[in-house]
Protein chains: 2
Amino acid sequence: MQRTYQPNTYIIREGELLQRHCAFIISGFAIRQKLTNVGARQIVSMHLPGDLLDLQHLYLNYADHNVQALTLMEAAEIGRPALRRLVLRNPRVATAMWIDALVDSSISREWLLNVGQRDARGRIAHLLCEFAARMTAAGMASDSGYELPMTQEQIGDAVGLTAVHVNRTIKALKAENLITRDKRHLHFHDIEGIRAIAGFSSLYLHLDQITTDPEDRPGDERGA
Amino acid sequence: MQRTYQPNTYIIREGELLQRHCAFIISGFAIRQKLTNVGARQIVSMHLPGDLLDLQHLYLNYADHNVQALTLMEAAEIGRPALRRLVLRNPRVATAMWIDALVDSSISREWLLNVGQRDARGRIAHLLCEFAARMTAAGMASDSGYELPMTQEQIGDAVGLTAVHVNRTIKALKAENLITRDKRHLHFHDIEGIRAIAGFSSLYLHLDQITTDPEDRPGDERGA
DNA sequence: CGCCGGTTTGAGTCACTTCAACGACAGTGG
DNA sequence: CCACTGTCGTTGAAGTGACTCAAACCGGCG
């Protein structure tokens with residue numbers, strides 16, 4: 001069951017009783033976000049084509065965050081009961097789902113570290129590095145950089161800064177000749193410099209354990 | 001296999017190749033934390049008796065964060081292969097593990113919101129509320145409050161603030177007659193007031209889906 | 001008693017926010 | 001074809017919440 005979502009459409013809303021389905025992104029980008037009681041928004045993760053969208057809710061009764069299309073997005077939907085049965089009966093799928101869910105958690109932890117402990121330069125640089133690594137893994141980055149489909153406001157909501165301050169920080173990074181941004185296209189001039197500012201290490205992405213298609217992972221259901 | 005850990009002992013270190021075991025907390029508290037390249041520490045989660053300690057690493061090759069005993073702690077250890085087999089063969093256990101892992105993720109997301117979007121008062125108040133809710137669920141809170149086994153420095157590392165500022169903020173909360181702290185014991189005088197400051201809602205803890213013992217959950221492997 | 005980890009307090013500074021306005025650009029409709 | 005509108009990016013000026021540095025205090029313990 002394929003579906004198209006317009007930018008900014010809500011796919012799941014916090015508090016909602018979950019009964020419908022999980023989705024797999026075919027094209028476009030999605031984010032997951034939460035709001036405080038006073039309406040401040042925190043983007044808690046970003047998803048690109050190939051990602052499972054709400055695996056995080058597979059066994060939960062109520063949605064604890066919002067899921068929203070960031071750009072125009074196509075997704076394939078899988079019924080919850082069907083996916084659960086698949087997970088229970090097929091060890092390969094189960095393992096792949098576990099890895100996907102655990103990597104997702106690992107990324108949240110890194111984001112928490114990012115937002116809690118780094119300054120503005122570090123946070124933004126880290127976001128750019130992570131996105132570069134994930135886009136590269138997904139085959140969506142070129143030598144000249146990649147398309148970062150976010151406004152400065154959204155970047156701010158992802159790293160816990162104001163849009164204004166994101167603007168000034170990016171301006172500073174450009175001034176130091178580390179990056180250039182031409183519309184939505186981002187280019188690194190000094191990737192090592194950016195990595196140093198970010199304190200970036202890709203360990204937490206567990207890239208060695210990711211394959212695009214869960215079906216073609218080698219049999220790793222045999223245990224340790 | 002039962003083991004005792006002294007306060008501050010590392011149980012798992014970031015970057016480590018994981019081969020040994022998972023642990024279940026019998027008594028005491030543990031934290032999980034990460035460090036930036038410049039040595040700043042972020043506590044990414046806290047665990048109390050009954051929690052599974054490193055389920056987050058069950059299917060991953062390398063540890064992406066540190067796990068450390070916060071107090072004197074006793075844990076029961078389960079071999080990784082044994083637990084994986086159990087998960088694959090027993091749908092009830094599998095479901096319970098999924099729920100545990102997903103709730104853990106949900107908590108990270110809430111922490112990200114907390115650190116990214118709330119001010120010092122809100123962050124600390126939120127931490128106190130969450131801990132109250134979890135301690136109550138674990139039967140470890142009394143009417144008079146609960147034991148919060150953290151120094152102000154650790155609270156700071158959990159919410160992304162300096163120990164000094166945590167001190168001043170707690171002082172302010174005390175001055176407003178919202179809480180009192182006597183050594184490690186914390187008492188709420190105005191729980192509703194604290195909840196309001198925190199913007200706390202326990203939805204994200206998914207308390208309706210938690211049981212202390214994975215074995216006695218009702219059969220919910222039947223799908224949606 | 002003297003040390004030590006943790007808490008408390010003060011003074012000065014700075015990174016980030018807030019508010020506000022303006023410019024660039026794309027889409028829309030007359 | 002151009003005026004109208006809305007979104008996004010950019011910039012300035014002023015305010016403030018949290019940090020830094022540093023010192024003193026406190027209770028527990030060997």
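Labels below follow one simple rule: chain letters A, B, ... track the order of the sequence lines, proteins then strands, and each chain is numbered from 1.
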Charged N-O contact under 4.0 Å between A/D51 and A/R134
yes
Pick the closest DNA chain C nucleotide for B/I170 and for A/D119 by heavy atoms, then say which residue is nearer the 5' end.
B/I170
With a 6.0 Å cut-off on ring centres, are B/H189 and B/H187 close enough?
yes
Looking at A/T9 and A/Y5, would you say the former's side chain and the latter's main chain have a donor-acceptor pair under 3.5 Å?
no
pair A/R80-A/L58: side-chain heavy atoms closer than 4.5 Å
yes
Among C/dT7, D/dG12, D/dT20, find the nucleotide with the atom closest to the side chain of B/R168.
D/dT20
Taking atom P of C/dG5 as reference, at what distance in whole Å does atom CZ of B/R184 sit?
14 Å
Could you state the atom-to-atom distance from CZ of B/R123 to C1' of D/dG17 in whole Å?
10 Å
Heteroatom pairs (N/O) under 3.5 angstrom, protein to nucleotides 24-30 of chain D:
none

In whole Å, what is the span from the CG atom of B/L173 to the P atom of C/dT8?
12 Å
Would you indicate which nucleotide in C/dT9, C/dT7, C/dA20 comes nearest to any side-chain atom of B/V164?
C/dT9
Using a heavy-atom cut-off of 4.0 Å across all strands, would you classify A/A120 as base, sugar-phosphate, or nothing?
sugar-phosphate
Starting at CZ of A/R118 and ending at C1' of D/dA18, how long is that distance when rounded to a whole Å?
20 Å
The nucleotide from C/dT8, D/dC8, D/dT11 with an atom nearest the side chain of B/N167 is C/dT8
Within this structure, what is the CD-to-C1' distance between B/E153 and D/dC19, rounded to whole angstrom?
14 Å
Are the side chains of A/S108 and B/W111 in touch, meaning some heavy atoms are under 4.5 Å apart?
no
So, is B/K171 close to the C/dT8 phosphate, meaning a side-chain N or O under 4.0 Å from OP1 or OP2?
no
A/K174 side-chain N/O to D/dG9 phosphate OP1/OP2 under 4.0 Å
no
Proximal nucleotide (of D/dA18, C/dT18, D/dC8) relative to the B/H165 side chain:
D/dA18
For a quick test of reading the model: is some side-chain N or O of B/T162 closer than 4.0 Å to OP1 or OP2 of D/dC19?
yes
Please state whether the phosphate of D/dT7, meaning OP1 or OP2, lies under 4.0 angstrom from any side-chain nitrogen or oxygen of A/Q152.
no
Is the side chain of B/N8 donor-acceptor paired with the backbone N or O of B/Q68 at a distance under 3.5 Å, no angle test?
no
